[in-house]
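My structure is below; once you've seen it, I'll send some questions.
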Amino acid sequence: MTADDSFGRLDDDDYPAYTMGRAADMLGTTQGFLRAIGEARLITPLRSAGGHRRYSRYQLRIAARARELVDQGTPIEAACRIVILEDQLEEAQRINAEHHRAAEAATPTATRQTG
């Protein structure tokens with residue numbers, strides 16, 4: 001891997017660039033919290049060759065949302081379920097919008113004007 005390849009990954013939201021300690025520091029939480037949301041299957045960190053957990057920026061955003069809910073008094077299991085459902089809803093809305101755009105693009109202009 002060249003240096004250029006490594007730097008290109010810094011823009012990749014799914015690249016597991018952060019150790020557990022660094023992720024916990026960035027989120028202002030504990031490593032135990034990260035383990036707990038992993039056990040609740042909210043996120044599944046990748047493992048380094050040495051077996052250490054590594055987190056991506058996308059996973060850190062999800063963990064931050066779960067932490068926000070927990071800080072508001074939501075039990076961790078419920079917070080994880082809420083975040084999963086929010087993520088599923090966002091994905092469904094994105095797909096729906098894509099289908100809507102595709103349907104509009106396939107509809108002849110005359111039909112759209114009179115419909």
**Nearest non-hydrogen partners of Ile43 and Pro45, listed with the distance** =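 Scanning both residues, the minimum pair turns out to be O-CD, 3.7 Å.
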**Request:** Locate the shortest heavy-atom distance separating Ala64 from Leu27; write the atom from each residue and the value.
**Result:**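 Closest approach of Ala64 to Leu27, heavy atoms only: CB-CD2, 3.6 Å.
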**Rounded distance [0.5 Å steps], CD1 in Ile95 versus NE2 in His100** =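 One gets 15.5 Å once the value is rounded to the nearest 0.5 Å.
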**Message:** Does any part of the side chain of Arg57, heavy atoms only, come nearer than 4.5 Å to the side chain of Tyr18, both counted from C-beta?
**Reply:**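 Yes, at least one pair of side-chain atoms sits under 4.5 Å.
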**Request:** To the nearest 0.5 Å, tell me how far Thr44 OG1 sits from Tyr55 OH.
**Result:** 9.5 Å
**Request:** Under the side chain to side chain donor-acceptor pair (under 3.5 Å) rule, collect the residues that match up with Glu98, sequence neighbours excluded.
**Result:**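 Expected list: Arg94.
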**Prompt:** What heavy-atom pair brings Ala66 and Leu42 nearest, and what distance separates the two atoms?
**Reply:**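 The pair with the smallest heavy-atom distance is CB-CD2, 3.6 Å.
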**Prompt:** Are any side-chain N or O atoms of Thr74 and backbone N or O atoms of Ala79, one a donor and one an acceptor, separated by less than 3.5 Å?
**Reply:**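 No; judged by distance alone, with no hydrogens or angles, the pair does not exist.
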**Asked** Taking the side chain from Arg53 and the backbone from Arg35, do they hold a donor-acceptor pair closer than 3.5 Å?
**Response**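 Not at all, since once roles are kept as given, no pair shorter than 3.5 Å links the two residues.
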**Request:** Please name all residues satisfying side chain to side chain donor-acceptor pair (under 3.5 Å) with Glu77, sequence neighbours left out, ordered by chain then number.
**Result:**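 Expected list: none.
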**Request:** Measure the spacing between CG of Leu89 and CD of Glu86 and express it to the nearest 0.5 Å.
**Result:**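 Interatomic distance, Leu89 CG to Glu86 CD, rounded to 0.5 Å: 8.5 Å.
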**Asked** How long is the span from the CZ atom in Arg61 to the CD atom in Gln59, to the nearest 0.5 Å?
**Response** 10.5 Å
**Message:** Would a single hydrophobic cluster contain both Leu46 and Ile62, if residues Ile, Leu, Val, Met, Phe, Trp and Tyr are joined by side-chain heavy-atom contacts under 4.5 Å?
**Reply:** no
**Item:** salt bridge (charged side-chain N to carboxylate O under 4.0 Å, His left out) partners of Glu39, counting only residues at least two apart
**Value:** none
**Message:** Can you tell me which residue among Asp25, Leu34, Thr30 is in a side chain to side chain contact (heavy atoms under 4.5 Å, CB included) with Met20?
**Reply:**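 For Met20, the side chain to side chain contact (heavy atoms under 4.5 Å, CB included) check succeeds only for Leu34.
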**Message:** If the threshold is 4.0 Å, N to carboxylate O, is there a salt bridge linking Asp87 and Arg65?
**Reply:** no
**Request:** May I ask whether Met26 and Ile37 are part of the same hydrophobic cluster, defined by side-chain heavy atoms of I, L, V, M, F, W, Y residues being less than 4.5 angstrom apart, directly or through others?
**Result:** yes
**Asked** Looking only at atom types and distance, does a side-chain atom of Arg67 sit under 3.5 Å from a main-chain N or O of Thr29, one as donor and one as acceptor?
**Response**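 Absent.
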